[in-house]
Each structure stands twice: as C-alpha cells, then as structure tokens.
Amino acid sequence: MANTDDDRRPKYQRIADSLREAIQSGEYGPGDRLPGENELMAAHGVARMTARQALSVLRDEGVAEARKGAGVFVRAFRPLRRRGIQRLSQQQWGSGRSIWSADIENRALEVDQVTVSEEAAPDRISAVLDLADDETVCVRRRRFVLEGKPVLLATSYLPTSVVAGSAITQEDTGPGGTYARLAELGYKPVHFREEIRSRMPSKDEAAQLSMSSGTPVILICRTAFADEGRPVEINEMTLDAASYILEYDFDA
C-alpha cells in the first residue's frame, strides 16, 4: 500500500500531532505534564533529538511550556479573546469602562511599564496624523499583563496640540481611558481603522512578553478618527500570538 501524506511527515511532526490531539481530546488537561523525552523515545522508537523536536513544536505553538527541571506541561493560560469591534464601541469607553473590559471578563489585568512623554513624531506617525514638521506627539507606552502573563505591548501617539494639559498626558487617564478624554476635549473618536500583520518578535519584544522561542507576534496598528476624518491617535500594538484569539463579530 502506498504511503499517505501523513506517513511522509517527519517523525517528530507525527509525534507532536499525536500529543496535540491528546491535549485537544482532554487526555492531557491544562497544567498536566506531557510525556518526557525518554518516554517518547521508548514509545515511538525514536532518537532523543526527534523526541525533543516534537516537544519543541508544541512549545513553539504555545500549546505547552517547559518548566526547568520538571518537564513540559500543557499550557494552563487561557487565550484572551479580543473582540475587535465590540471593545471599541462608544458604549464601552463612553460609559467609563476600559475597552479591555470587553475582553477579559473577570480575569485579573495589570498595566505596567507605563511611560508618557512628549517626543518628535516619527515620519510614519507624522504622515498619518497630518502634523507639521515641528509638531510633537504625546507618546504613551505600556505593557498589559493578564493573570501574571505579559500579553501585549502598546505605544500610542497623539498630537501634543490636542492633548496638552489633559489627563492623557498622565499615566492614569481616568475612567474610559484615552478615548473618553479625547471626547471631553472635543475630539470624540467616531471611526477606527485597524491593520493587522504578523512576524517573529525582536529579542526585546520576546523578553518583555516572556515568549517561548518560535512564537510569532501579531502587530495591530489602530488609527482613531474624530469628526471630518481627523486622525487623533495611532496605537501600535504587539501581541503574543499564542495568548490571543482575534474575534470579529458583525452583521452582514
């Protein structure tokens, strides 16, 4: 009988697939230890390197995580479901709620490494915000940590001429966040545009997000527009791809 496509796959990939299926079926639950290299070698008749590669595939996918001296375990962290449309509605931030509350349910979120500064606008930012050559931007940088796991890095750029003297220039922007404050300043966001792409993380991004090797990041660049199409904020976000499910729910 001719070999199937599955038969032609590398042995380490077949082992990884069988372990993934066992996780999905519930044979191994969140936090459970997976078979180690020695166990996989004996069960599948493969070399140590092959067993190691199989476990590495699951770690790179974010399905499993290695614990030093203990083995490889099914990842217990539940991916964050990012509801891309509902979270940006005026009903959300206009009522004083964080846009994050649409995503996290009752899970513990911390925002750390917050810095706010006035800086010269990078060319790409100046072009989108339609700034004059000498105009500066308020830059807000922060990291989002969900249940102890860093999941996102965000950098927002807003025209200094719009936000100077407001709570947006402080670390804590208050109820409803930046968009609620923009509305108070007369620049209420009425339209958003998000561009999404993916790549491998830089060394610094991987360190800040405590990412497993081989895991990509999702890049989301959101532009907020006020009346008459005026752009008032650009938010560049870097997400740990293994920590997110991007959900978009809208009527036909």
Side-chain angles (χ1 to χ4, degrees), residues 82-103 111-144 150-205 207-209 217-239 246 248:
R82 183 183 188 272
R83 295 175 170 87
I85 295 176
Q86 295 91 327
R87 69 198 312 271
L88 293 174
S89 69
Q90 184 178 344
Q91 182 180 1
Q92 189 72 20
W93 50 264
S95 61
R97 296 194 299 269
S98 163
I99 62 175
W100 271 79
S101 63
D103 304 334
V111 183
D112 68 2
Q113 300 183 6
V114 180
T115 64
V116 186
S117 57
E118 181 179 343
E119 302 177 17
D123 290 344
R124 69 182 188 284
I125 301 299
S126 181
V128 175
L129 292 179
D130 194 23
L131 302 179
D133 291 341
D134 59 346
E135 281 192 82
T136 61
V137 284
C138 171
V139 183
R140 299 182 52 82
R141 296 182 176 89
R142 58 264 189 224
R143 183 178 72 162
F144 294 80
V151 294
L152 178 145
L153 307 174
T155 302
S156 293
Y157 301 88
L158 304 101
T160 302
S161 59
V162 169
V163 303
S166 73
I168 292 174
T169 63
Q170 306 300 313
E171 289 189 9
D172 184 356
T173 56
T178 295
Y179 297 146
R181 303 292 80 75
L182 282 171
E184 293 168 357
L185 293 169
Y187 298 94
K188 180 179 72 174
V190 296
H191 181 74
F192 296 96
R193 180 181 66 223
E194 288 193 343
E195 300 173 348
I196 302 175
R197 57 194 178 94
S198 181
R199 61 165 168 76
M200 298 308 295
S202 67
K203 185 176 181 180
D204 181 60
E205 289 167 342
Q208 288 192 70
L209 291 171
V217 289
I218 299 169
L219 306 177
I220 300 179
C221 180
R222 180 171 67 236
T223 305
F225 298 87
D227 285 330
E228 300 180 355
R230 175 170 182 172
V232 289
E233 184 223 28
I234 296 173
N235 188 352
E236 295 183 334
M237 293 162 275
T238 303
L239 293 67
L246 305 185
Y248 294 91

Exercise. Measuring from I218:CD1 to S198:OG, what's the distance to the nearest 0.5 Å?
Worked result: 6.0 Å

For this session: May I ask you to test the Y248-E194 pair for a side-chain heavy-atom distance under 4.5 Å?
Result: yes

Problem set entry | Test item: R222 and M237 side chains (from C-beta on) under 4.5 Å apart, heavy atoms | yes

For this session: Looking only at non-hydrogen atoms, find the nearest pair between T160 and C138 and report the distance.
Result: OG1-N, 3.4 Å

Problem set entry | Side-chain donor or acceptor of R143 paired with backbone N/O of Q208 under 3.5 Å | yes

For this session: Check whether the ring centres of Y187 and Y179 lie less than 6.0 Å apart, and answer yes or no.
Result: no

For this session: Would you kindly say whether S156 and R142 are connected by a side-chain donor-acceptor distance under 3.5 Å?
Result: yes

Problem set entry | OG on S161 to CG on L129, rounded to 0.5 Å | 9.5 Å

For this session: Answer whether the closest heavy-atom distance between the side chains of M200 and E205 falls below 4.5 Å.
Result: no

Seminar exercise, completed: The complete set of salt bridge (charged side-chain N to carboxylate O under 4.0 Å, His left out) pairs with one or both residues in residues 124-136, sequence neighbours excluded, reads R124-E236

Exercise. I196 versus L219: any side-chain heavy-atom pair under 4.5 Å?
Worked result: no

Problem set entry | side chain to side chain contact (heavy atoms under 4.5 Å, CB included) evaluation trace for T178 with L158 | CA-CA 10 Å; T178 295; L158 304 101; 3.7 Å; yes

Problem set entry | Side-chain donor or acceptor of T136 paired with backbone N/O of E118 under 3.5 Å | no

For this session: Please assess V163 against E233 for the test side chain to side chain contact (heavy atoms under 4.5 Å, CB included), listing each intermediate value before the final yes or no.
Result: CA-CA 10 Å; V163 303; E233 184 223 28; over 6 Å; no

Seminar exercise, completed: Residue pairs meeting salt bridge (charged side-chain N to carboxylate O under 4.0 Å, His left out), one or both in residues 170-187, sequence neighbours left out, come to R181-E184

Exercise. Going from CZ on F192 to CZ on R87, what distance comes out if it is rounded to the nearest 0.5 angstrom?
Worked result: 10.0 Å

Exercise. Can you find a pair of side-chain heavy atoms, one from V190 and one from D227, that are under 4.5 Å apart?
Worked result: yes

Exercise. Taking side chain as C-beta onward, heavy atoms only, is L152 less than 4.5 Å from T238?
Worked result: no

For this session: Step by step, work out the side chain to side chain contact (heavy atoms under 4.5 Å, CB included) result for L239 and V217.
Result: CA-CA 5 Å; L239 293 67; V217 289; over 6 Å; no

Exercise. Under 4.5 Å between any side-chain heavy atoms of R193 and F225, yes or no?
Worked result: yes

For this session: Can you see which heavy atom on A132 is nearest to which on S126, and at what distance?
Result: O-OG, 4.4 Å

Problem set entry | Least distance between heavy atoms, V232 atom then P159 atom | O-CD, 3.3 Å

Exercise. Just how far is it from atom CD1 of I168 to atom OG1 of T173, taken to the nearest 0.5 Å?
Worked result: 7.5 Å

For this session: Please check if the side chain of S117 supplies one atom and the backbone of E119 the other of a donor-acceptor pair under 3.5 Å.
Result: no

Exercise. Under the side chain to side chain contact (heavy atoms under 4.5 Å, CB included) criterion, do N235 and I220 qualify, and how do the steps go?
Worked result: CA-CA 8 Å; N235 188 352; I220 300 179; over 6 Å; no

For this session: Mind listing the closest non-hydrogen atom pair of L88 and G84 along with its distance?
Result: CD1-O, 3.8 Å

